[in-house]
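Remember, it's 1-based here, ligands and their atoms both numbered in the order they're listed. Index from 1, following the sequence.
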Amino acid sequence: MKEKAEALKAEISSYQVSDKEELEQFRLRFISRKSVISDLFAEMKNVAPEDRKEMGMVLNELKNQAQAKFKELIASLEKSESESSAAPVDLTLPPIPDTLGSLHPLAITKKRILEIFERIGFNVSYGPEIEDDWHNFTALNFPENHPAREMQDTFFIEKDPDIALRTHTSSVQVRVMEKEKPPIRTLSPGRVFRNEAISVRAHCIFHQVEGLYVDKNVSFADLKQTMLYFAREFFGKNTKIRLRPSYFPFTEPSAELDISCFICGQKGCKVCKHTGWVEIGGCGMVDPNVLKNCDIDPEEYTGFAFGMGIERITMLKYQINDIRLFTENDIRFLSQFKPVN
Ligand code: DAH
């Protein structure tokens with residue numbers, strides 16, 4: 001009996017299985033109630049009483065060994081199954097392409113505007129979005145009771161009438177002129193805020209870019225030529241411009257800047273409302289009062305300024321008909337704009 005137990009011990013320790021069927025064979029032979037080990041236990045009654053203790057130990061050890069081996073075989077079978085079911089790695093496959101994001105259309109427009117003006121010597125300047133009355137209005141020659149100062153247009157901060165969210169990027173003009181002396185050629189892009197109802201055409205948060213050129217002998221002809229240069233670079237080389245007399249407190253004379261409609265080639269369409277012209281911003285010669293407010297002598301220096309809405313010219317350029325699309329973050333809209341380096 002002892003020899004039988006030894007033989008089984010050896011058999012168990014070298015036992016290998018390669019599938020569930022073989023595992024079941026092992027279970028039937030060594031673990032089940034009718035196993036060879038159970039048979040040996042049944043034979044205990046024939047063992048001489050003085051040998052029983054020792055045989056009992058041998059058989060218990062055998063039983064434990066069989067159970068431990070059974071667990072081990074289950075584990076190794078599971079491991080090999082999970083390895084073989086994983087897809088084999090094919091090193092010849094092309095890599096999964098990176099899904100590149102695209103620049104936001106407003107970022108594309110801003111980048112292009114800056115590039116166009118950088119080529120003619122304009123640098124870039126920034127100012128705060130939370131502004132004081134001086135930089136947003138007073139220094140820009142807004143009369144005391146100008147409607148733009150009233151609550152309907154401006155977001156004031158915590159009921160302090162002196163602090164507001166800037167309503168235009170013209171405030172940066174003042175900051176630059178206070179800090180630097182002419183010659184000044186600068187472009188100031190940024191967010192602006194107006195207390196307006198959101199609709200297809202208007203938003204309470206939008207972007208502008210402001211331009212400022214101050215030096216000796218800067219004339220209206222320089223302004224006109226610069227606007228023409230920009231319009232051709234941005235909208236196409238056949239673009240024409242038109243300056244319509246207008247009013248802004250900070251420029252004198254002031255003008256509204258129109259470009260020839262590049263969509264219909266001035267034949268008349270919905271975008272230009274059949275006039276052949278579309279407005280893209282305001283401009284003019286810096287009012288002498290504004291120069292004075294910034295400690296620049298208007299007898300020595302003159303300048304021009306202009307301001308454009310980035311949403312507006314992006315909508316024109318890409319024929320986008322709802323300003324709210326810019327802030328909705330709909331990937332179906334945004335992914336139509338190709339990445340630009
Ligand atoms: N600040 C004006 C606005 O928000 C735009 C503007 C008009 C800016 C004429 C200028 C300018 O610099 O000369 O409507």
Side-chain angles (χ1 to χ4, degrees), residues 110 113-114 117 122 124-129 131 133-143 146-150 152-155 164-178 182 184-196 201-215 218-228 230-231 241-259 278-291 293-294 296 298 301-313 323:
K110 181 178 100 174
I113 297 172
L114 297 187
F117 281 99
F122 279 70
V124 183
S125 49
Y126 299 97
E129 292 178 347
E131 254 312 357
D133 180 274
W134 171 255
H135 292 95
N136 198 77
F137 295 125
T138 304
L140 287 166
N141 202 34
F142 275 79
H146 194 281
R149 286 180 186 230
E150 283 171 16
Q152 76 213 42
D153 288 329
T154 309
F155 288 116
L165 295 180
R166 67 180 177 195
T167 57
H168 53 180
T169 44
S170 302
S171 55
V172 190
Q173 274 191 35
V174 179
R175 291 194 172 268
V176 172
M177 284 193 281
E178 282 174 340
I184 292 169
R185 265 177 296 187
T186 193
L187 222 58
S188 318
R191 274 199 298 192
V192 300
F193 308 84
R194 289 198 196 165
N195 197 353
E196 277 187 41
R201 317 192 112 250
H203 210 291
C204 56
I205 303 177
F206 56 101
H207 298 75
Q208 288 185 333
V209 60
E210 186 81 11
L212 175 71
Y213 179 23
V214 183
D215 202 352
V218 176
S219 70
F220 201 89
D222 296 322
L223 169 61
K224 236 175 115 177
Q225 201 56 37
T226 307
M227 294 300 98
L228 180 62
F230 167 73
I241 63 162
R242 178 173 82 168
L243 293 168
R244 272 182 296 117
S246 186
Y247 171 77
F248 297 102
F250 36 91
T251 42
E252 182 58 37
S254 304
E256 222 82 60
L257 173 64
D258 296 345
I259 56 162
V278 280
E279 186 197 317
I280 63 163
C283 60
M285 299 305 292
V286 181
D287 192 289
N289 286 336
V290 177
L291 294 174
N293 288 337
C294 302
I296 293 176
Y301 295 104
T302 51
F304 68 69
F306 56 90
M308 292 182 279
I310 298 184
E311 276 80 356
R312 170 145 184 85
I313 65 176
I323 197 170

At less than 4.0 angstrom from any non-hydrogen atom of [X], what atoms of ligand 1 do you find?
X: T251; value: 13 (O)
X: F248; value: 7 (C), 9 (C)
X: Q208; value: 3 (C), 4 (O)
X: G284; value: 13 (O)
X: G282; value: 7 (C), 9 (C), 11 (C)

Residue and atom name of the nearest protein heavy atom (relative to [atom]), distance in Å to one decimal:
atom: atom 12 (O) of ligand 1; answer: E210 OE2, 2.5 Å
atom: atom 5 (C) of ligand 1; answer: G307 CA, 4.2 Å
atom: atom 11 (C) of ligand 1; answer: F250 CE1, 3.5 Å

Worked check of salt bridge (Lys or Arg N to Asp or Glu O under 4.0 Å) between R201 and E196: CA-CA 11 Å; R201 317 192 112 250; E196 277 187 41; over 6 Å; no
F304 near ligand 1 by a heavy-atom separation under 4.0 Å: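 Not so, F304 does not reach ligand 1.
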Check: T167 N/O within less than 3.5 Å of ligand 1 N/O: no
N/O separation below 3.5 Å, A305 to ligand 1: yes
For residues [X] and [Y], is any side-chain donor paired with an opposing acceptor at under 3.5 Å?
X: N136; Y: T167; answer: yes
X: S125; Y: S188; answer: yes
X: H135; Y: E178; answer: yes

Aromatic ring pairing Y247/H146, orientation class (parallel under 30°, perpendicular over 60°, tilted between):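 Rings of Y247 and H146: parallel, under 30°.
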Closest non-hydrogen atom pair between R166 and S171, with its separation: CD-OG, 3.8 Å
Criterion salt bridge (Lys or Arg N to Asp or Glu O under 4.0 Å) on E279 and R244, from CA distance to verdict: CA-CA 10 Å; E279 186 197 317; R244 272 182 296 117; 3.7 Å; yes
Heavy-atom proximity to atom 3 (C) of ligand 1, best of M308, R194, R166, Q173: R194
For ligand 1, the portion of S170 having any non-hydrogen atom under 4.0 Å away: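 Contact part for S170 vs ligand 1: side chain (C-beta onward).
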CZ on F122 to OG1 on T226, rounded to 0.5 Å: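 Answer for the OG1-CZ pair, T226 versus F122, is 6.0 Å.
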Approximate separation, where rounding is to 0.5 Å, of D287 CG and E252 CD: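 Here the interatomic distance stands at 6.5 Å.
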